[in-house]
Amino acid sequence: MGFVYYRDDGIVLRTQDLGEADRIITVLTRRNGRVRAVGKGVRRTKSRFGARLEPFTHVDLLLYAGRSFLLRSLAVAGYAPALDECAVCGSPDLPAAKGSRVFAIAAGGLTCRSCRPAGAVTPSAHTVALMGALLRGDWAQADSAERRHQVECSGLVAAYLQWHLEHSIRSLRHVEHA
Ligand SMILES: [Zn+2]
């Protein structure tokens, strides 16, 4: 009897410390949906991987089926959306008409009025604030958000991640069996 290993990749949604050295990581993966994994020893100082396991980080995963998934290691690239300044020109002057913001998925986050591309969506400012809380790891604020903003945020995050996953150049490896 061996473990079945397989590879996937996805985006870290949140992390929680576990014990002294471990961390529980929730990842939205390309092929396995939402996965909660235990990163063993990732908080030890020698773990370069652990140091970069932050929300909105793109990770390659080696998973094996067990009592949780165990997340082993891997490569990383930042995918955080711009929320404090225009994703295109860097202007901090972001429109908030009727309490909403302009969010452009392909541009990489919020945009100002003049950079607003066709197809941009206009989420509530509360939803954008929730996304910022998720980025910072502020779970108290994230958990206290209104349900409708959580729903809007998760839809927006899913669309954002899906677009950026599909447009990232990656070579995916085949399923591996140990
Ligand atoms: Zn702009």
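Everything quoted here is computed from the prediction, not taken from an experiment. Whatever order the structure lists ligands and atoms in, that order sets their numbers, starting from 1.
Not counting sequence neighbours, the partners of T26 by the side chain to side chain contact (heavy atoms under 4.5 Å, CB included) test are L13, R14, R34, R36. Scanning for salt bridge (charged side-chain N to carboxylate O under 4.0 Å, His left out) contacts around E146 gives R148, with sequence neighbours left out.
Protein N/O/S atoms found under 2.8 Å from the Zn ion (ligand 1): C86 SG, C89 SG, C112 SG, C115 SG.
Checking side-chain atoms of T127 against main-chain N and O of P123 turns up no donor-acceptor pair under 3.5 Å. For E152 (side chain) and S124 (main-chain N/O), a donor-acceptor pair under 3.5 Å exists by modelled atom type.
Applying the ring-ring contact (aromatic ring centres under 6.0 Å, His included) definition to pairs two or more places apart or across chains, none involves residues 10-32.
With rounding to the nearest 0.5 Å, the separation of CZ in R113 from CG in D93 is 7.5 Å.
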